[in-house]
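Residue numbering restarts at 1 for every chain, and letters A, B, ... go by the order of the sequence lines. Since the structure is predicted, the reported quantities are computational estimates derived from the model, not experimental observations.
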Amino acid sequence: MSESLTGLKRSHYCGTVKKDLVGQEVTLMGWVHRRRDHGGVIFVDLRDREGLVQIVFNPEIGEELFQKAEAVRNEYVLAVVGTVGLRPEGTINPNLTTGEIEVAASEVRILSIAKTPPFYIDDEVDVDEMIRLKYRYLDLRRPIMQKGLMLRHKAIKVIRDYFYDNGFLEIETPMLTKSTPEGARDYLVPSRLHEGEFFALPQSPQLFKQLLMVAGMDKYFQLARCFRDEDLRADRQPEFTQLDAEMSFVEREDILTTMEKMIAQLFKKCLDVDIKTPLPRLSYQEAMERFGVDKPDLRFGLELVDVAEEVKDCQFKVFAQVLEKGGRVKGINATGCAHYSRKDLDDLTKLVGIYGAKGLAYFILTEEGLKSPIAKFFTQEQLERIVTRMEGKPGDLLLFVADEAAVAAAALGHLRLELGKRLNLINEEEFNFLWVVDFPLLEYDEEEKRWVAMHHPFTSPVEEDMPFMETEPGRIRAKAYDMILNGVEIGGGSIRIHRRDIQELMFKRLGISLEDAQEKFGFLLDAFEYGVPPHGGIAFGIDRLLMLMAGRNSIRDVIAFPKTQSAMDVLTQAPSSVASRQLKELHIKIKN
RNA sequence: GGAGCUGUGGUGUAGUGGCCUAACAUGCCUGCCUGUCACGCAGGAGAUCGCGAGUUCGACUCUCGUCAGCUCCGCCA
């Protein structure tokens, strides 16, 4: 049934056959996108990665060829030889880039027949994602998926070119490496030659790139596959690709400048979008105050407002008690939402509940005045001051959360995002970048009852904050920075500690003894005794960046073969059990 | 570890206790058709309603459990 390719060579991609080829003979290879059989004349849309072109089979071409065209079905793979011709008057298809021409077939070979696909190969089709993943090779035939992977290819090329042009060396680091404490759960690989011992797949090339700086490589970058055995999200896969970079003899601004230029070039060359540099910089503290999150989406307003001053003397116990305990009372003006129903308000209350808020207070502002179940706890003057502070006007809905600072911020921060969506305030075409800087060096882990590094233990503190190391560790700022795009963290990094005394202080503060540090990170500390350049770097999440560039909602749409939310590959059925012989070689026994 | 949403011919959906012998669209098969491009027309095949248990005279429909997918919380230095 299938015919040989022998003697045929593709002359053009289907999608590139244009008017300038009229009169020429072309040889095309591709998949049958659709067949339209008019009895006397048959049209076949032939598809390859560059697009569609219409093939015409006229009866005059001979019985054998015509019968072949009749037998063709969707997704058959064909080789077609034919002559490019202008379409007859009135049959031009403006929806097709190749719509002005068609190819009159003179020879066709059915290179491969195909079963009817489980879903139609088309951008419009909205198919269950598991079916898409099971038949990923069919899903990837859809033009939108092909565009995504082609964009990814181009982006990676532009990134490489940028780093090559700016004196960076591309260096590979090991995939089989040492499990280190702190951070995400490791994927472990058992060692056959060393019974009971394990490699870990890298969570990032962090320590290796610092060693490369000690080695004098000066500037390094790598497109590195990274692995973290944590639960998945729309923007998190257990294996993902980082653009990892590190530079020696630099300060924070050198890195930010180098990286934002790279991003600007990336967007210009891939999307023809101009990104204005330098990007705005926002301190962590200001981001949390104004937006409630450390990765604010600045495409719209609806900023958080602190109303502690206005409510501190009120009779509403919830607010008063929270303030007494050092918590925060903050609000957000849901502009024009005074008409929200009981159900709308319930939904929003449920939303803030996810982030730990115990309730959501509201003031409805109408022409007739202020309506609120808690209005009776405030004097008229207090109410007016709150409304003024919130810039409320008739038609608005004022929403308040009172809680400890972190809860109030998270609840209102996510409420803000929900309102931004509901009120249609987000311009989907916009690419809004910023740097968030001056992250705290440490945060207190309630479970472990100790201070932990917010970024990682090798992040340099801001020198002037060093005196707080013993007294107020939470106040120390780190020389760390994140790049944010449309409310998504696309990259983060820091200036590293390169002084042994500060590194020792850091370990001490984290409750890691020098012996422990030596055992876990000894190779790095040893290296640091042989002359370390001041250095720093950054890593970008390539999948997230591509997701945003392609305008998709999940990184799965820009990864060729992603995992499901339960970290399985439904196409290959991985993970799977292995032969007992394999386990034996690895000295591993399965319980049960 | 937890919460929510979803699961019905190949695909996407409708179906809120008997009207279901399960509907619609599309796809598929057969036939007709010489200018379509989501071609058209006529006919046909195709579903134990995710799985298991329960309630009921009767379950696609209600209850419980379970599995899978998605979204989120925790987690992700």
Side-chain angles (χ1 to χ4, degrees), chain A residues 33-46 52-60 66 70 73-75 87-96 98-99 102 104 115-135 138 180-186 203-204 206-207 226-238 240 347 350-356 407 410-411 414 417-418 439 441-443 445-447 451-459 478 480 489 492-494 506 510 512 521 539 541 553-554 556 563-566 568 570:
Chain A
H33 187 67
R34 220 185 276 272
R35 184 186 65 121
R36 290 177 295 278
D37 184 348
H38 287 253
V41 61
I42 296 171
F43 300 101
V44 166
D45 290 337
L46 200 64
L52 290 177
V53 68
Q54 176 166 282
I55 314 291
V56 192
F57 293 88
N58 283 299
E60 300 83 70
F66 198 76
E70 281 182 320
R73 293 292 179 272
N74 282 353
E75 302 308 314
R87 292 193 182 191
E89 191 114 3
T91 64
I92 286 170
N93 184 351
N95 302 321
L96 223 54
T98 59
E102 62 190 9
K115 290 189 1 187
T116 302
F119 53 88
Y120 195 63
I121 312 298
D122 197 76
D123 285 352
E124 313 304 317
V125 192
D126 182 26
V127 189
D128 185 86
E129 192 157 357
M130 195 171 53
I131 294 167
R132 286 176 54 200
L133 291 176
K134 185 174 171 191
Y135 299 95
L138 299 180
T180 51
E182 316 251 337
R185 195 176 293 115
D186 283 321
Q203 293 179 29
S204 84
Q206 182 61 38
L207 300 176
C226 302
F227 305 85
R228 296 180 188 175
D229 189 4
E230 297 293 348
D231 287 350
L232 292 82
R233 290 286 188 282
D235 62 355
R236 264 168 36 192
Q237 286 268 309
F240 59 101
D347 287 347
K350 226 176 269 172
L351 178 78
V352 296
I354 294 172
Y355 304 95
V407 171
H414 287 90
L417 290 176
E418 172 64 20
F439 278 81
L441 183 72
L442 302 160
E443 57 186 344
D445 187 317
E446 292 291 346
E447 258 180 51
W451 290 92
V452 297
M454 194 161 182
H455 189 54
H456 60 57
F458 309 103
T459 300
E489 180 199 328
S494 63
M506 184 71 174
L510 294 172
I512 300 173
F521 305 110
N553 293 319
S554 165
R556 291 187 299 274
K563 307 272 186 289
T564 66
Q565 191 166 40
S566 59
M568 294 197 323
V570 290

S.K.: Tell me whether the side-chain N or O atoms of A:Arg87 pair up with the base of B:C37 as donor and acceptor below 3.5 Å, since no angle test is needed here.
M.R.: yes

S.K.: Is there, by distance only and without an angle test, a donor paired with an acceptor across the side chain of A:Glu102 and the base of B:G35 below 3.5 Å?
M.R.: yes

S.K.: Whole-Å distance between B:U34 P and A:Ile42 CD1?
M.R.: 11 Å

S.K.: Would you mind classifying the nucleic acid contact of A:Ser204 as base, sugar-phosphate or nothing, using non-hydrogen atoms under 4.0 angstrom?
M.R.: base

S.K.: Taking only the C1' atom of each, what is the distance from B:G9 to B:A45 in whole angstrom?
M.R.: 11 Å

S.K.: Base, backbone or nothing for each nucleotide of nucleotides 41-51 of chain B, written B, S, -, heavy atoms under 4.0 angstrom, 5' to 3'?
M.R.: -----------

S.K.: Ignoring the backbone of A:Thr116, work out which of B:C28, B:G69, B:C72 is nearest its side chain.
M.R.: B:C28

S.K.: I want to verify a distance call: between B:C70, B:A38, B:G69, whose nearest atom is closest to the A:Met568 side chain?
M.R.: B:G69

S.K.: When only distance counts, do a donor and an acceptor, one from the side chain of A:Arg556 and one from the base of B:C70, lie under 3.5 Å apart?
M.R.: no

S.K.: I'd like to check A:Asn93 versus A:Arg87 (side-chain heavy atoms, cut-off strictly below 4.5 Å). Are they in contact?
M.R.: yes

S.K.: OP1, OP2 of B:G69 versus side-chain N and O of A:Thr564: anything below 4.0 Å?
M.R.: yes

S.K.: Below 4.0 angstrom from OP1 or OP2 of B:C39, is there any side-chain N or O of A:Arg36?
M.R.: yes

S.K.: What's the closest nucleotide to the A:Asn74 side chain, out of B:C28, B:C73, B:U11?
M.R.: B:C28

S.K.: Rounded to the Å, how far apart are A:Leu232 CG and B:C73 P?
M.R.: 13 Å

S.K.: What's the closest nucleotide to the A:Pro88 side chain, out of B:G35, B:G74, B:C37?
M.R.: B:G35

S.K.: State, with a plain yes or no, whether a side-chain heavy atom of A:Val41 is found less than 4.5 Å away from one of A:Phe43.
M.R.: yes

S.K.: In whole angstrom, give the distance that lies between atom CD1 of A:Ile55 and atom C1' of B:G35.
M.R.: 15 Å

S.K.: Given that both distances must come in under 3.5 Å, which nucleotide forms a Watson-Crick or G-U wobble pair with B:G7?
M.R.: B:C67

S.K.: Ignoring hydrogens and angles, answer whether the base of B:G27 and the side-chain atoms of A:Arg73 contain a donor-acceptor pair closer than 3.5 Å.
M.R.: no

S.K.: State whether the distance check finds a donor on one side and an acceptor on the other, under 3.5 Å, for side chain A:Asp231 versus base B:G74.
M.R.: yes

S.K.: Could you please name the option among B:A68, B:U71, B:G1 that lies closest to any side-chain atom of A:Ser554?
M.R.: B:U71

S.K.: If you take atom types as modelled and just measure distance, does the side chain of A:Arg34 reach the base of B:C37 with a donor-acceptor pair under 3.5 Å?
M.R.: no

S.K.: Taking only the side-chain heavy atoms of A:Met130 (C-beta and beyond), determine which of B:G35, B:G69, B:C72 contains the nearest atom.
M.R.: B:G69

